[in-house]
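Reading through the C-alpha cells given below for one structure.
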Amino acid sequence: MKAQAIKDIKIKLATLTDAKDPYLTALAQDERAGVQKLLQQFYRRLDKEQALKDKYLEMTSFERTLHQEGHRFIAGIDEVGRGPLAGPVVAAAVILPADVVLLGLNDSKQLSAKKRGQLYCEIQEKAIAVGIGVVDHEEIDRINILQASKKAMLLAIDDLAVEPTHLLVDAVKLDCDISQDNLIKGDARSVSIAAASIIAKEMRDNLMKEYHQVFPFYAFDKNAGYGTKDHLNGLKNHGICAIHRKTFAPVKNYL
C-alpha cells in the first residue's frame with residue numbers, strides 16, 4: 001500500500017485529540033523522518049494543551065468551592081496601574097459562569113499582548129458581567145495610590161450589572177458589605193481575578209494609547225505611563241504633562 005503523503009498526515013494530526021488513537025500507532029511504524037517529526041509535534045501539542053487544562057482546573061479551585069457553598073455570582077477583582085508615573089488606576093470586576101472554560105487565563109503581565117487581546121474578547125463575550133472602575137491622577141495624588149486602587153475596585157463592583165454574592169480580590173481587603181477572600185497573587189491563582197486583571201490591563205493600555213495622541217513626548221503608547229527611558233527623557237526635555245502624578249518620584253522633581 002502506498003504510504004500516505006506527509007501533508008495529509010499533518011492535516012489528519014491537526015484534528016486528533018486522543019493520544020490513544022490507533023492512527024498514531026500506525027504512524028509510529030512509519031520510518032520517514034518527516035512523519036516522526038510530525039508525531040513528536042503532535043505529542044508536544046497534546047502535552048501543552050493538557051498543561052493548560054491542568055492549570056485552569058487549579059485556578060478554579062476557589063470558585064468551585066464557593067459555588068458548592070451556594071454562591072452564584074462570584075466576582076474577581078483586580079487593578080492595573082499602581083506603578084506608572086502618569087494616568088489613572090483602572091480596576092475591573094468580572095463574574096464568570098460556573099461552567100466557563102477560558103484556557104490560558106493567567107496574570108495579565110504573564111501573557112503576550114496578542115494572547116491578552118484574544119482573552120479580553122473571549123471574557124467580554126462569555127462573562128455574566130464586567131464592571132470597570134477608574135480613578136484619575138488627581139485623585140491618586142489626593143488620597144494616595146493604595147486608597148485610589150481600592151476606590152477603583154469598589155467602583156468596578158458598583159459598575160457590575162449583576163450584584164455579586166462573593167468577591168475574590170487580588171491582595172487587598174475592601175471596605176464593603178459583600179463577603180470576600182483576599183488572595184495574594186490572586187491573578188495567578190483564580191480564574192476570576194485573572195480575567196479581571198486582563199480586562200483592566202487592556203482597558204488601561206488602550207486609554208494610555210489615547211493619551212499618547214494628546215501628549216506625544218512620553219511614549220505612553222508603549223510604556224502605559226511607566227518610568228521607561230523614553231518616558232524619563234520626555235520628562236527631562238518637556239517637563240510634566242496634565243496627567244502626570246505629581247506626588248510620584250521623579251515627577252515631583254519637575255514641579
Side-chain angles (χ1 to χ4, degrees), residues 56-84 87-102 105-109 119-120 122-207 245 247:
Y56 189 82
L57 182 63
E58 178 185 341
M59 289 179 67
T60 61
S61 63
F62 295 103
E63 287 82 357
R64 282 185 282 116
T65 297
L66 289 165
H67 281 300
Q68 290 168 4
E69 292 174 356
H71 289 286
R72 186 178 177 190
F73 300 121
I74 302 159
I77 321 291
D78 199 7
E79 53 72 30
V80 172
R82 285 203 198 187
V89 60
V90 176
V94 177
I95 300 175
L96 296 174
D99 59 350
V100 73
V101 176
L102 293 162
L105 270 186
N106 202 347
D107 171 7
S108 63
K109 298 183 292 297
L119 285 168
Y120 172 85
E122 197 172 353
I123 293 163
Q124 292 279 17
E125 177 186 343
K126 295 181 177 180
I128 293 172
V130 174
I132 301 295
V134 180
V135 174
D136 68 18
H137 59 286
E138 291 182 343
E139 187 76 350
I140 291 170
D141 284 336
R142 189 180 72 82
I143 64 175
N144 78 45
I145 186 59
L146 176 58
Q147 297 307 317
S149 298
K150 291 181 178 181
K151 182 174 180 178
M153 289 178 169
L154 292 172
L155 289 171
I157 295 167
D158 288 342
D159 191 49
L160 287 167
V162 176
E163 184 175 356
T165 58
H166 191 84
L167 308 177
L168 292 173
V169 189
D170 187 44
V172 302
K173 181 173 177 57
L174 298 178
D175 184 12
C176 67
D177 294 331
I178 305 171
S179 63
Q180 62 187 278
D181 288 311
N182 316 103
L183 308 179
I184 301 300
K185 296 185 178 179
D187 46 11
R189 299 170 62 196
S190 157
V191 290
S192 300
I193 298 177
S197 171
I198 290 166
I199 294 293
K201 181 161 178 56
E202 284 292 295
M203 295 288 288
R204 189 179 187 282
D205 282 1
N206 289 335
L207 185 59
R245 302 174 181 178
T247 55

Next on the checklist: Under the criterion side-chain contact (heavy atoms from CB on, under 4.5 Å), I'd like the reasoning laid out for Lys150 against Asp175: C-alpha separation, chi angles, the key distance, then a yes or no.
Outcome noted: CA-CA 8 Å; Lys150 291 181 178 181; Asp175 184 12; over 6 Å; no

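- Between Val100 and Tyr56, the shortest heavy-atom contact is O-OH, 2.8 Å.
- Looking only at side-chain heavy atoms (C-beta outward), Ile193 and Val169 stay at 4.5 Å or farther from each other.
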Item to check | Test side-chain contact (heavy atoms from CB on, under 4.5 Å) applied to Ile199 and Val94, step by step | outcome: CA-CA 8 Å; Ile199 294 293; Val94 177; 4.0 Å; yes

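- Two residues are said to be in side-chain contact when any heavy atoms from C-beta on lie closer than 4.5 Å; Ile157 and Leu174 meet this criterion.
- A distance of 9.5 Å separates NZ of Lys126 from CG of Leu119, quoted to the nearest 0.5 Å.
- Ile123 is listed as a side-chain neighbour of Ile198, based on a closest heavy-atom distance under 4.5 Å.
- Nearest heavy-atom pair, Ser179 versus His71, reported as atom, atom and distance to 0.1 Å: OG-CE1, 3.9 Å.
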Checklist entry - Under the side-chain contact (heavy atoms from CB on, under 4.5 Å) criterion, do Leu146 and Val172 qualify, and how do the steps go? => result CA-CA 9 Å; Leu146 176 58; Val172 302; 4.1 Å; yes

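- Looking only at side-chain heavy atoms (C-beta outward), Leu167 and Asp181 stay at 4.5 Å or farther from each other.
- With respect to Lys109 and Asp187, a salt bridge is recorded, a charged nitrogen being found less than 4.0 Å from a carboxylate O.
- Between Gly131 and Asp159, the shortest heavy-atom contact is CA-OD2, 3.4 Å.
- Applying the 6.0 Å contact sphere to CE of Met59 captures more than 12 heavy atoms from other residues, nucleotides or ligands.
- Ile95 has its side chain within reach of Leu160: a pair of non-hydrogen atoms, C-beta onward, lies under 4.5 Å apart.
- Here the CG-CD distance, from Leu102 to Glu125, works out to 9.5 Å after rounding to the nearest 0.5 Å.
- Within the 4.5 Å cutoff, side-chain heavy atoms of Glu79 are placed close to those of Ser149.
- Atoms OG and CG, on Ser192 and Asp170 in that order, are 12.0 Å from each other to the nearest 0.5 Å.
- Heavy-atom minimum distance, Val89 versus Ile140: N-CD1, 3.8 Å.
- Distance check, rounded to the nearest 0.5 Å: NE2 of His67 to CG of Asp99 gives 8.5 Å.
- A distance of 13.5 Å separates OG1 in Thr60 from CZ in Arg189, rounded to the nearest 0.5 Å.
- Counting heavy atoms from C-beta outward, His166 and Phe73 have side chains that stay 4.5 Å or more apart.
- Here the closest non-hydrogen pair linking Pro88 and Leu207 is CG-CD2, 3.6 Å.
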Next on the checklist: If you apply the rule side-chain contact (heavy atoms from CB on, under 4.5 Å), what do you find for Glu69 with Thr65, and how did you get there?
Outcome noted: CA-CA 6 Å; Glu69 292 174 356; Thr65 297; 3.6 Å; yes

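- Contact annotation: the side chain of Pro84 approaches that of Arg245 to within less than 4.5 Å [non-hydrogen atoms, C-beta and beyond].
- By the neighbour-count criterion of 12 heavy atoms within 6.0 Å, atom CD of Glu163 is sparsely surrounded, having that number or fewer from other residues, nucleotides or ligands.
- For Arg64, the CZ atom sits in a packed shell: over 12 heavy atoms of surrounding residues, nucleotides or ligands are nearer than 6.0 Å.
- Here Leu66 contributes atom CG and Arg72 contributes atom CZ; the two are 15.5 Å apart, rounded to the nearest 0.5 Å.
- Here the closest heavy-atom approach between residue Glu63 and residue Leu168 is recorded as OE2-CD1, 3.4 Å.
- Asn106 places no side-chain N or O within donor-acceptor distance of the main-chain N or O of Ala188, the cut-off being under 3.5 Å.
- Comment: Arg142 does not engage Glu138 in a salt bridge, judged by the lack of any side-chain N to carboxylate O separation of less than 4.0 angstrom.
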